[in-house]
Amino acid sequence: MRIPIIAGNWKMYKTVSESEAFARELAPRLAPFTGVERVVCPTFLAIDAVARALRGTDIAVGAQGMHWEDQGAFTSQVSPAMLKELVTYVIIGHSETRQYLGETDETVNKKVKAALAHGLKPIIAVGESLEQNERGETAAFVGGQVRAALEGVSADDMRHVVIAYEPIWAIGTGRSASGQQANEIIGGSIRAVIAELYGDEVAQAVRIQYGGSVKPDNMAEFMSQPNIDGALVGGASLKVDDFVQLVEIAAREKGR
Ligand code: 13P
């Protein structure tokens, strides 16, 4: 039985004080939903304040990215050795970091291995562009991203890996994939590639989220799909009521 996981990716939103106040408000409202793993990913700057605000709760904190080296002359970067004092999860390979910050399949793979080596749980984001989608290349492209991200990752470490399928055309656009489309890619491409690489047992245990314009009014459509184990949420994770509703719907649909 895969435990559903809902993660809020706050992107470059909320100051430190706003993030902390938000976390304090969110914590008691999310407390009842213990059958769903709940994660918030603030900016680097706000991680410490949010982690303190959530101490003693079972809401996890994640980072939105990291470098793969432990330390070094990498101006502006944050390392896994630094993050592991504060967070459980780290998003790797988000399409915005691929698009704006030079992230490649190769750097994604280095970061995934570095995260795992430090005991961090990577949420690996994959997803196709609108053009690739329209050309019918989604399954092959996304499958390739998964293969590249997991190169050299052991079957044992796969227990700590979460994958997020986020079609680029659905991010922040209000235009989400349908539940059925997302379920097909997640099951037929992503989980199938994992099965090919690691066998069925590992593939059945890995949690795979959908992301891209997830809102309270479409959440049930995604959560009712057998292959979708949760959501990676941008916009709707910035509002307490919406985020709580998403978790509530996940708990209901997944019977937790
Ligand atoms: P939106 O939910 O705002 O579309 O963002 C999705 C996303 O990129 C989460 O990582």
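Keep in mind it's a predicted model, so treat the numbers as computed, not measured. Positions are given from 1 along the sequence. Numbering of ligands and ligand atoms starts at 1, following listing order.
A salt bridge links E20 with R24: at least one charged nitrogen is closer than 4.0 Å to a carboxylate oxygen. Electrostatic pairing of K84 and D70 does not count as a salt bridge here, judged by no charged N lying under 4.0 Å from a carboxylate O.
With sequence neighbours excluded, no residue forms a ring pair (Phe, Tyr, Trp, His ring centres under 6.0 Å) with Y89.
A donor-acceptor contact closer than 3.5 angstrom is absent between the side chains of Q64 and W10. For the residue pair Y165 / E128, a side-chain donor-acceptor distance below 3.5 Å is found, with atom types taken as modelled.
Other residues, nucleotides and ligands contribute at most 12 non-hydrogen atoms within 6.0 Å of the CD atom of E151.
The immediate protein surroundings of ligand 1, defined as residues with any heavy atom under 4.0 Å of it, consist of N9, K11, H94, E166, A170, I171, G172, G212, S213, L232, V233, G234, G235.
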